[in-house]
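Quick notes on the structure that follows.
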Amino acid sequence: MQKYSAREVEKKWQEKWKSTNLHTVDLKDFKDKYYNLVMFPYPSGDKLHIGHWYNFGPADSWARYMRMKGKNVFSPMGFDSFGLPAENYAIKTGVPPAESTKKNIEYMKKQLSEMGAMYDWNKTLATSDPDYYKWTQWIFLQLYKNDMAYKKEAPVNWCPSCKTVLANEQVQDGYCERCQSEISKKDLSQWFFKISNYAEKLLDYDELDWPEKTILMQKNWIGKSEGCDIDFPLEDNSEILTCYTTRPDTIFSVTFVVISPEHPLVDEFVKGTRYEEDVRKVRKKINKQTLIERTSEGGKDKIGCFLGKYVINPATKEKTPVYLANFVLMYGTGVVMANAHDQRDFEFARKYNIPLKFVISENGKKIDSKDFEGAYTADGILFDSGKFSGMNNREALPKVIKWLEGINYGRATVNYKLRDWLISRQRYWGAPIPIIYCDKCGEVPVEEDDLPVILPDNVDFSPRSDGKSPLANHEGFKYCKCPKCGRDAEREVDTMDTFVCSSWYFLRYPSSNLKNKPFDNKITNEWLPVDMYIGGPEHACMHLLYARFINMVLHDLGYINFTEPFDKLVHQGMITKDGAKMSKSKGNVVSPDEFVEKYGSDVFRMYLMFMGPFTEGGDWNDSGITGIARFVDKFWNLVNSDPRKVKDKNALKKNLNKLIKKVTEDIEKMHFNTAIAALMEFVNFAGKNGTDKNSKKVITKLIAPLAPHLAEECFDVLDEKYSVADSKWPEYDPKLIVDELITIGVQVNGKVRGEIEVAKDASKEEALEIAKSDENVMKYLSKGKIVKDIYVPGKILGFVVK
RNA sequence: GCCCAGGUGGCGGAAUUGGUAGACGCGCAGGACUUAAAAUCCUGUUCCAGCAAUGGAGUGCGGGUUCGAUUCCCGCCCUGGGCACCA
């Protein structure tokens, strides 16, 4: 017998898997299909790091387990290769993104193949490949043609020193990541997708097997709120200010109305009046504040000014002043009815000496705002509220809405926090937006037959001072002919958010070699939705929401017959180093390569799985990896041991069947750590007891998803048919795992005073008899009188002594 | 501030329809093999007292329910994640 040499063995099997096309999937075989997917990586210069392994390793083990359970498993891998880092690298070094990306992909492919995962490399993709982004552009056109994509002025982050637009990730606490200058906002005309149209549909999670936490995060992000629009007419009746509120029960408390600085009516109100100057000054302050202070802790100062206008409170008929205030956003109607029962309104009123009036108290007795330092936000009984006085405010709430609807001053409304998806990026390394601007015809979509709009490679990357993408520097790209009238025209030079590229890649994998269509209808409808999607929780509100949205749109346009893309979702935990996220800037990135080199891929993968529960992650520490390396050696020795020397055949059989049960159940729950612990326990037992050929075969199968190379080698040694990946997952015999004799604890007054061995179905009398023969138990029983005894078969025997 | 998740030996972590807390692994201590070291194997290892049998304490803190609580309830503290003027 030879010592197990991981590196050689792993290389040998990786080559064999490749030469025998073991991982090539027949997509025409839909029966028992299983689409297993991980969130595809960004091919950065950092290469694969431990976080990738922690995601991909267990995900591959899951795929291998499903395959042995008889599924036709499709487990593809690709690259999310558009994005900012490649472009920044190009600005710094002059290396074109296409070149650095290609190199990074090559290297990562090599690393991934050393991992030994069962990816089908005949069906891969990269989002920066024209064959792929052609269809990303096609999706843009479908949204455009169906009124789901539109252009609008919107602010971008602008660094006045670098003279460039920054992505949100490049802005840190309001300052430029690179030069530390203060960021300002600049208005540019930008493209949006109407995701807000799908807010309600996106809130339907009924069919999804997703983590509760993720659903909750998405729900909060979408932010549905049900309330009421209330009309406040101007005192001269020239205009109506409609306020959105979730608290119409406080209408009698409203003593002023606040309007957002961005609201179009503000200018109309103050134009040519003595309030114009106030508004200008306040807005200037607010504009600064929105960037730095609004996002940081200290930015809770309420500022605003009076607009010289009054509205009539429809409930009290009182003349009510209109203020502009920084804390009012363009959410709902952009106008808020303000009152003493909201902390922000209360603070604002105190600052600007606006009268306040309570209408709710604990018991319905009148209380005075003068006696309070803050708003009364609790629920209670209404007073001074017309016919609603004396009612519980929550019970009154729907009645107030009804009443306002009756007198035609309000109506029930629903609002969402979810805003439309801004997809324009003033960046080079992304999919060009397929739109052409013609002086005569205006905005013209590129013909589908003319796709892809190719991203040119000879581009000057130096940042421009007008906030446009580097593509604006490329005349060959920028100038074109109008597809409609044939006259000189210009292309859109912005590119799409990379999240657009990643919002449909799962649809492309099964059709990745298809030329004339984004995906094959039959294959897509058969293979999707994805059965298992594994990736980081950081994508809960971005990628996962966008992917659901695009999927729903394509469904509603009739391209696919399923509405949700991912049936089951699992998030792996995060791996930190010394308590911090691994990042290049912190210099705490740990590379998997040295460990793979030293211990092999199987050991490294199992160590990551053994660290703790898959969904919890943890802090990286290599101190325990030797334990897994020892285990692999022990396993190998056991498989190579003499099968004739078995001490206790029954115990072997029983433990083996228990092991099958435990490992199966643990893998089903993705509790890989305890599955490995159970295998270790069995190997320790069998090392002492001896083992037979059948046990060796079974444990090899059980470890196959977790350590595929080792298992393949063991199968070979055992003269079993190649490949272990195609062997059937073992089943246990329930009759063989029953213990006839079991050990239970004996408690006296809740404390364990001994343990007894009883038959598994022993009667209470039998158990009591045996317990009373225990000397130590008797010692405590004799201290008083037994007033009660408790027997839970198989669990515990308890006495209460007084 | 709000919403989640979690706090268990020296360390990573097991065990929850309430039933012997600490599986498995790391580390550590002692021993075997060796001229020696590494590797390997064996024994022990929650803390305190004891040669031991055994006793006491113990799952972030303080209460409660129960024969019995890591598990359930109430009130705190801490850590991690998400959201953050959304009316």
Side-chain angles (χ1 to χ4, degrees), chain A residues 3 211-214 216-221 223-225 227-228 243-248 250 258 260 289 294-297 299-302 325-339 341-345 347-348 415-419 537-538 540-541 573-574 576 579 607 610-613 615-628 630-631 633-634 637 671 673-681 683-684 687 743-756 775-776 779 786-802:
Chain A
K3 193 169 159 51
E212 279 304 315
K213 195 186 162 173
T214 309
L216 198 67
M217 271 169 67
Q218 284 201 0
K219 279 186 178 170
N220 289 338
W221 187 264
K224 181 177 183 173
S225 97
C228 172
C243 300
Y244 173 71
T245 183
T246 54
R247 293 292 305 278
T250 61
V258 268
S260 162
Q289 202 185 28
R294 256 197 196 185
T295 50
S296 62
E297 275 300 316
K300 303 262 168 170
D301 274 353
K302 305 285 173 286
N326 62 339
F327 64 89
V328 184
L329 310 174
M330 281 309 289
Y331 164 82
T333 59
V335 192
V336 178
M337 57 178 232
N339 61 64
H341 295 287
D342 181 280
Q343 186 56 29
R344 295 156 300 187
D345 300 348
E347 280 171 30
F348 188 81
N415 268 297
Y416 303 91
K417 284 189 205 172
L418 186 69
R419 317 244 194 108
E538 68 275 15
C541 293
M574 196 179 53
T576 55
Y607 180 56
F610 189 61
M611 271 173 61
T615 52
E616 271 162 45
D619 203 57
W620 171 255
N621 184 333
D622 60 14
S623 69
I625 195 166
T626 52
I628 298 291
R630 281 177 199 151
F631 165 61
D633 279 338
K634 281 191 203 171
N637 287 336
H671 289 183
N673 52 335
T674 48
I676 294 171
L679 282 160
M680 286 173 167
E681 228 168 328
V683 168
N684 289 342
T743 306
I744 63 170
V746 181
Q747 295 184 341
V748 180
N749 290 347
K751 295 219 181 257
V752 181
R753 297 301 178 186
E755 57 183 35
I756 56 170
E775 212 177 292
N776 201 45
K779 194 171 104 196
I786 299 172
V787 294
K788 192 175 173 183
D789 47 36
I790 306 109
Y791 177 54
V792 185
K795 300 250 166 111
I796 201 84
L797 180 64
F799 295 97
V800 184
V801 171
K802 269 187 182 162

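Since the structure is predicted, the reported quantities are computational estimates derived from the model, not experimental observations. Values reported hereafter were calculated over all heavy atoms of this structure, with side chains retained and with hydrogens, waters and symmetry mates removed.
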Nearest-Å distance for atom pair [atom1]/[atom2], residues [X] and [N]:
X        : N     : atom1 : atom2 : value
A/Glu616 : B/A14 : CD    : C1'   : 12 Å
A/Phe348 : B/C85 : CZ    : P     : 17 Å
A/Asp622 : B/C11 : CG    : C1'   : 13 Å
A/Arg247 : B/C85 : CZ    : C1'   : 17 Å
A/Met611 : B/G13 : CE    : P     : 7 Å
A/Tyr416 : B/C83 : OH    : P     : 21 Å
A/Gln343 : B/C2  : CD    : C1'   : 14 Å
A/Glu775 : B/G55 : CD    : P     : 12 Å

Does the side chain of [X] reach to within under 4.5 Å of the side chain of [Y], using non-hydrogen atoms?
X        : Y        : result
A/Leu329 : A/Ser260 : no
A/Phe348 : A/Asp342 : no
A/Ile790 : A/Gln747 : no
A/Arg419 : A/Tyr331 : no

Taking a pair as Watson-Crick or G-U wobble with both distances under 3.5 Å, which nucleotide is matched to [N]?
N     : answer
B/C33 : none
B/A52 : none
B/A21 : none
B/C83 : B/G1
B/C28 : B/G44
B/C76 : B/G60
B/U71 : none
B/U65 : none

Check: A/Arg753 main-chain N/O paired with A/Asn776 side-chain donor or acceptor under 3.5 Å
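Side chain of A/Asn776 to backbone of A/Arg753: a pair is present.
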Okay, side chain of A/Asn415, backbone of A/Thr246: is any donor-acceptor separation there less than 3.5 Å?
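Absent.
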[atom1] spacing across the pair [N] / [M], given as an integer number of angstrom:
N     : M     : atom1 : answer
B/U16 : B/C72 : P     : 13 Å
B/G58 : B/G9  : P     : 14 Å
B/C76 : B/G81 : P     : 24 Å
B/U34 : B/G44 : P     : 24 Å
B/A21 : B/A57 : C1'   : 14 Å
B/G22 : B/C42 : C1'   : 23 Å
B/U20 : B/A14 : C1'   : 15 Å
B/A36 : B/A49 : P     : 36 Å

With heavy atoms under 4.0 Å as the rule, sort A/Asn776 into base, sugar-phosphate or nothing.
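Sugar-phosphate contact only.
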Looking across every strand, which nucleic acid part, if any, lies under 4.0 Å from A/Pro537 by heavy atom: base, sugar-phosphate, or nothing?
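Since no nucleic acid heavy atom lies under 4.0 Å of A/Pro537, the category is nothing.
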Side-chain N or O of A/Arg753 less than 4.0 angstrom from OP1 or OP2 on B/G56?
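Yes, such a contact exists.
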Tell me whether the side-chain N/O atoms of A/Lys751 come closer than 4.0 Å to OP1 or OP2 in B/A57.
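Yes, within the criterion.
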Output a table of nitrogen or oxygen pairs between the protein and nucleotides 19-28 of chain B separated by less than 3.5 Å.
| from | atom 1 | to | atom 2 | distance (Å) |
| --- | --- | --- | --- | --- |
| B/G19 | N2 | A/Gln747 | OE1 | 2.8 |
| B/U20 | O2 | A/Glu755 | OE1 | 3.2 |
| B/U20 | N3 | A/Glu755 | OE1 | 3.1 |
| B/U20 | O4 | A/Thr743 | O | 2.8 |
| B/A23 | O2' | A/Glu681 | OE2 | 3.3 |
| B/G25 | OP1 | A/Asn684 | ND2 | 2.9 |
| B/C26 | OP1 | A/Arg630 | NH1 | 2.5 |
| B/C26 | O2' | A/Ser623 | O | 3.1 |

Select from A/Met574 and A/Leu216 the residue whose nearest nucleotide in RNA chain B is closer to the 5' end of that strand.
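Between the two, 5'-proximity favours A/Leu216.
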Would A/Lys417 and A/Asn220 count as a side-chain hydrogen bond (donor to acceptor under 3.5 Å, both in side chains) here? Give the steps.
CA-CA 8 Å; A/Lys417 284 189 205 172; A/Asn220 289 338; over 6 Å; no
What closest approach, in Å, do [X] and [Y] show between heavy atoms, and which atom pair accounts for it?
X        : Y        : value
A/Asn673 : A/Gly612 : ND2-C, 3.6 Å
A/Asn684 : A/Lys634 : OD1-NZ, 3.3 Å
A/Pro793 : A/Tyr791 : CD-O, 3.5 Å

Side chain of A/Asn326 (C-beta onward), nearest among B/C67, B/C85, B/A14
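Of all the options, the side chain of A/Asn326 is nearest to B/C85.
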Indicate syn or anti for B/G6, taking the glycosidic torsion and treating anything within 90° of 0 as syn.
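Anti, angle beyond 90° from zero.
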